[in-house]
Visitor: 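Structure in structure tokens, see below.
Residues take their numbers from the sequence shown, with the count starting at 1. Counting starts at 1 for both ligands and their atoms, following the listed order. This is a predicted model, so every value here is computed, not measured.
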Amino acid sequence: MSTYAAPIRDMQFVLNELVDLSAIRALPGHEEVTPDLVDAVLEEAGKFAAGVLDPLNKAGDRIGAKLENHVVTAVPGFKDAYRQFVDAGWASVGGEPEFGGQGLPHVLSQQLSEMWNAANMAFCLCPMLTTGAMTAIRRHGSDEQRATYVPKLVSGEWTGTMNLTEPQAGSDLSAVRTKATPEGDHYRIKGTKIYITWGEHDMTPNVVHLVLARTPDAPEGVKGISLFIVPKFLVNADGSLGARNDVKCVSIEHKLGIHGSPTCVMAYGDGDGAIGYLVGEENRGLEYMFTMMNFARLEVGVEGVAIAERAYQHALDYAKQRVQGREIGVKAGDRVSIIHHPDVRRMLMTMKARVEAMRALAAAAAESLDHALSSADPEAKRRGQAVFDLLTPVVKGWCTEHSTLVASIGVQIHGGMGFIEETGAAQYMRDARITSIYEGTTGIQANDLVGRKLAFEKGVTAKGLIAAMRAFDAELAAVADHPGLSVMRKALSDGVDALDAATDWLLATFPTNAKAAVAGAVPYLELWGTVAGGWQMVRAALISKRHLDAGTTDHDFYRAKLATARFYADHILPLAPAHAHAVMHGSVSTLALNEAMF
Ligand SMILES: Cc1cc2nc3c(=O)[nH]c(=O)nc-3n(C[C@H](O)[C@H](O)[C@H](O)COP(=O)(O)OP(=O)(O)OC[C@H]3O[C@@H](n4cnc5c(N)ncnc54)[C@H](O)[C@@H]3O)c2cc1C
């Protein structure tokens, strides 16, 4: 079993060289985010992830959370780890200083999320959803709601949940049926929510549920959904805990992975109805919940990066130890570890290249979000939000789909031992599998990308990013004599052409034949991930070349970056034209069969 080591050097590279950290530091409230602070935070977080969370990951999988008499008991060790997490201040890193948080920018807190998730994703879901709930209440709640709930959620003293799904309402939330009946200054909530992550547990004294429900006269569909705060224990005027609310966990799911995270069926209002407090205005609940969901979608994309990184480290460790066969082309050599075999190298490089591209792309999305949230310049704010909106479904969909594939390659590198649970490789594959399902499946992310993020704004942001990629080509032209970089330049340029062509086709097709356009939505999302990830990799290669030319002492790191980017250009970027073909020509065969023909 390998031990997790946070990829601090690569995170430093992403933060200091790919992201414009000085521009983040110039944003109001982020003046203290110096490279020294970044290093210190990454170092300490890496120790916590490796020392406290990683050792509990396997027990979380094997033992799982337990339910008895509506009480969920966390996996042994989780409660203590959560206390340490809160006491060390990790729960509050992203919270705003006015509510007791440390106000770190998203680009930095995202690296910490990656560490927590890589070490123990099941555990990390609890603080992640808490941050999402806190964000939604802070933005849309009343002053009183903010004062009552936000500081406790920021500190991690209480945790938060997100209650959308019902048996008949999964991807389609217009079908939500949970009822909210007004009663004085509150509402009575009745209904059943399913699959609620960390919906009930014993790690904190209170749990704050954010619940979607309908008021009696609400219109049909998504325009009739409101958002309510439903605390497990009601909160007295002095902030102390009062009566138990009428909400309980009635079962927890037996599932493929993340066994340490209780996935709860929650019954609201078996008695008189759970007391809930309206957030904002009636019928605007889904809009408010999107505050939480957009953050959560980015975070789930980061879960994908994290599990892929963990699976890579695990496979690399095994590949260095497992001795099997002799090195090809070496006569009468000794038996060697499998890392000497070209095909094992290919698998390891695929894992490494994909992880680094995903990490860089997720950071680009977080960088835009920081500008959107904190810039004092309205134009920079607008542009940051537009880029974040476009990249969110890409990071969520692409990083999670490839997380499962990367973890599966990790199993393959282990051979038969990968299929045996003791090695842990299988757990990463099982845990990764949920990431492309919850917070909106890949199909839903892709529909969002094509419909809302591309067609709705007539491709303005997408075309702007494509133009930025083309402008980068001019920088590459200046180093055309470097053989590796010229190969990368060509692969990126072909990829950008493919993305541009598919974008034009979708913009022309969506208004007249939305079905054909949406049939190519997932290939289009793949195309975006492949090309935008490639853009980041080639940027990394150019930066690395400059360091090597300048005689850096860190040459192993920068040479590895150049080689990894070259691998991406040889093996992954050439997939872009195939994805574009599927977007532009694939809908006919996708839609050819009628139901009887399947
Ligand atoms: C472990 C776990 C934890 C979860 N945690 C939470 C939580 O904390 N809170 C919460 O509210 N929910 C949670 N969920 C629910 C999760 O968000 C949903 O499962 C997910 O959104 C998919 O909904 P569904 O399962 O009903 O699938 P369905 O909506 O039935 O989808 C089935 C398939 O149809 C496709 N599909 C459906 N509609 C469309 C469409 N319009 N276009 C294209 N394809 C479509 C989907 O992509 C999918 O492949 C969790 C689920 C699990 C398994």
Visitor: N/O of Ile258 under 3.5 Å from N/O of ligand 1, yes or no?
Guide: no
Visitor: Can a protein heavy atom be found under 4.0 Å away from atom 33 (C) of ligand 1?
Guide: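 It does not: no protein heavy atom is found less than 4.0 Å away from atom 33 (C) of ligand 1.
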Visitor: Provide, to 0.1 Å, the distance between atom 4 (C) of ligand 1 and the closest protein heavy atom, together with that atom's residue and name.
Guide: Tyr195 O, 3.1 Å
Visitor: Less than 4.5 Å apart, side chain to side chain, heavy atoms only: is that true for Val176 and Lys193?
Guide: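 Answer yes - side chains close enough.
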Visitor: Could you give me the CA-CA distance, side-chain angles and deciding distance for Leu525 and Gln445, then say whether side-chain contact (heavy atoms from CB on, under 4.5 Å) is met?
Guide: CA-CA 8 Å; Leu525 184 148; Gln445 303 302 324; 3.9 Å; yes
Visitor: If you scan the protein for heavy atoms around atom 9 (N) of ligand 1, do you find one that is closer than 4.0 Å?
Guide: yes
Visitor: Can we say Arg177 and Glu166 salt-bridge, meaning some charged N sits less than 4.0 Å from an Asp/Glu carboxylate O?
Guide: no
Visitor: In terms of atom number and element, which parts of ligand 1 are under 4.0 angstrom from non-hydrogen atoms of Glu439?
Guide: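 Reading through ligand 1 atom by atom, the close ones are 17 (O).
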Visitor: Under 30°, 30 to 60°, or over 60°: which ring-plane class applies to Phe85 and Phe48, parallel, tilted or perpendicular?
Guide: tilted
Visitor: Who's the nearest protein heavy-atom neighbour of atom 3 (C) of ligand 1, and how far?
Guide: Thr197 OG1, 3.3 Å
Visitor: Provide the number and element of each atom of ligand 1 under 4.0 Å from a heavy atom of Ile434.
Guide: 1 (C), 2 (C), 52 (C), 53 (C)
Visitor: Heavy atoms, side chains only, cut-off 4.5 Å: are Met203 and Cys126 in contact?
Guide: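 Yes, their side chains come closer than 4.5 Å.
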Visitor: Based purely on interatomic distance, does Tyr438 place a nitrogen or oxygen under 3.5 Å from a nitrogen or oxygen of ligand 1?
Guide: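 No, no N or O pair falls under 3.5 Å.
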Visitor: Is Glu421 salt-bridged to Arg430, cutoff N-O under 4.0 Å?
Guide: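 Answer for the salt bridge query: yes.
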Visitor: What atoms of ligand 1 come closer than 4.0 angstrom to any heavy atom of Met162?
Guide: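 Those of ligand 1 that fall under 4.0 Å from Met162 are 7 (C), 8 (O), 9 (N), 10 (C), 11 (O).
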Visitor: Would Arg452 and Phe290 count as a cation-pi pair here, with the cationic atom under 6.0 angstrom from the ring centre and within 45° of the axis?
Guide: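 Yes, a cation-pi geometry.
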Visitor: Where the closest heavy atom to atom 18 (C) of ligand 1 is concerned, which of Leu212, Ile444, Thr165 has it?
Guide: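 Answer by nearest heavy atom: Thr165.
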Visitor: Out of curiosity, Tyr428 OH to Thr423 OG1, how far, rounded to the nearest 0.5 Å?
Guide: 9.0 Å
Visitor: What protein heavy atom sits nearest atom 43 (C) of ligand 1, and how far away is it?
Guide: Asn447 ND2, 3.6 Å
Visitor: Assess the side chains of Asn163 and Thr161: does a donor N or O sit below 3.5 Å from an acceptor N or O?
Guide: yes
Visitor: Please check atom 49 (O) of ligand 1 for a protein heavy-atom neighbour under 4.0 Å.
Guide: no
Visitor: Mark up the atoms of ligand 1 that fall under 4.0 Å of a heavy atom belonging to Ile437, in ascending order.
Guide: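 Listed by number with element, the hits are 20 (C).
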Visitor: Tell me: protein heavy atom nearest atom 29 (O) of ligand 1, and distance?
Guide: Ser171 OG, 2.6 Å
Visitor: Kindly indicate whether atom 52 (C) of ligand 1 is approached by any protein heavy atom to under 4.0 angstrom.
Guide: yes
Visitor: Report the nearest protein non-hydrogen atom to atom 47 (O) of ligand 1: residue, atom name, distance rounded to 0.1 Å.
Guide: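 That would be Thr441 OG1, 2.6 Å.
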Visitor: Measure the distance from atom 24 (P) of ligand 1 to every protein heavy atom, then report the residue, atom name and distance (to 0.1 Å) of the closest one.
Guide: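 Answer for atom 24 (P) of ligand 1: Gly170 CA, 4.0 Å.
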Visitor: Do you see a protein non-hydrogen atom under 4.0 Å from atom 26 (O) of ligand 1?
Guide: yes
Visitor: Does either side chain, that of Tyr187 or that of Glu282, offer a donor lying less than 3.5 Å from an acceptor on the other one?
Guide: yes
Visitor: Is any side-chain N of the basic residue among Asp448 and Lys453 closer than 4.0 Å to the acidic one's carboxylate O?
Guide: yes
